[in-house]
Amino acid sequence: MNTVSRIENLRYILRTLLAEREEYAGWRVPEALETQQTMMRALLNVRPPQPVSPEFLQAQDAELRQQLADKGIVALSDIPPCQSDSRLRVWQGDITRLQADAIVNAANNALLGCFVPLHRCIDNAIHSAAGVQLRLECDRLMQAQGHPEPTGCAKITKGYNLPARYVLHTVGPIVRGGKPTPRQEMELAECYRSCLELAEAHGLASIAFCCISTGEFGFPQERAAQINGFLYSDGCIQCIQR
């Protein structure tokens with residue numbers, strides 16, 4: 001897609017989103033590509049899970065695929081394996097670039113993604129890169145469930161415009177004051193176990209884990225790493241890279 005076609009495609013996306021809500025009346029579509037992309041992400045962040053037209057999905061998917069191409073896909077084979085265990089790979093960067101069978105999303109208990117425009121959390125990043133289809137699928141799952149997602153559990157959805165085939169959504173514990181309780185430590189361990197069990201049940205060979213609960217949810221990073229290490233030492237790691 002050349003720059004002119006891309007800008008026109010973004011204009012269509014933005015005009016469609018702005019037309020959905022009365023409070024957007026009078027808003028103008030910006031001219032610059034980067035500003036259009038920022039506005040698109042912000043509008044999608046706050047958009048409730050409601051139906052969209054096939055034409056909108058086609059336009060959105062084209063733009064998100066181009067954004068992914070701009071960032072570049074990272075295959076697991078591009079990441080050197082750990083010396084201690086060749087099934088493990090450690091990578092620091094944008095998880096929405098990883099081409100794994102599944103990536104893990106540190107979700108909230110509504111499981112609908114982050115509604116704060118342009119928020120820096122991983123939930124926002126994953127939903128923004130996947131597209132509106134991800135929030136719609138999560139909404140269907142939650143409507144069927146009828147209650148918030150419990151801490152320590154996990155659900156699986158498609159990856160849509162992500163290079164990963166699936167997303168595993170898990171809700172970690174929220175730690176206040178910097179010191180987790182024994183129960184919260186157990187809940188964090190259950191997040192990892194639930195994702196591994198779900199991956200095994202669906203025959204997934206590779207999972208890219210984020211650092212669950214260590215961002216906005218306040219779990220101390222060092223203690224979280226120790227808990228993850230205990231999990232890996234008992235053999236669960238085989239489900240991460242088989």
Exceeds 12 heavy-atom contacts within 6.0 angstrom, atom [atom1] of [X]:
X      : atom1 : result
Lys71  : NZ    : yes
Glu23  : CD    : yes
Arg183 : CZ    : no
Gln58  : CD    : no

Within the structure provided, determine whether Trp27 and Leu17 are in side-chain contact (heavy-atom separation under 4.5 Å). no
Side-chain donor-acceptor pair present, Arg223, Gln226, cut-off under 3.5 Å: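 Side chains of Arg223 and Gln226: pair found under 3.5 Å.
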Can a donor-acceptor pair be found between the side chains of Asn45 and Ser128 at a distance below 3.5 Å?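 Short answer, yes.
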Donor-acceptor check, side chain of Gln60 to backbone of Gly131, threshold 3.5 angstrom: yes or no? no
Main chain of Leu198, side chain of His202: is a donor-acceptor contact present, judged purely on distance under 3.5 Å? yes
Thinking salt bridges, do Asp70 and Arg6 make one under a 4.0 Å N-O criterion?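 Looking at Asp70 and Arg6, the cut-off is met.
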Indicate the atoms forming the closest heavy-atom contact of Arg135 with Leu112, along with that distance. NE-O, 2.6 Å
Hey, mind stepping through Gln133 and Asp61 against side chain to side chain contact (heavy atoms under 4.5 Å, CB included) and telling me if it holds? CA-CA 10 Å; Gln133 300 97 313; Asp61 291 353; 3.1 Å; yes
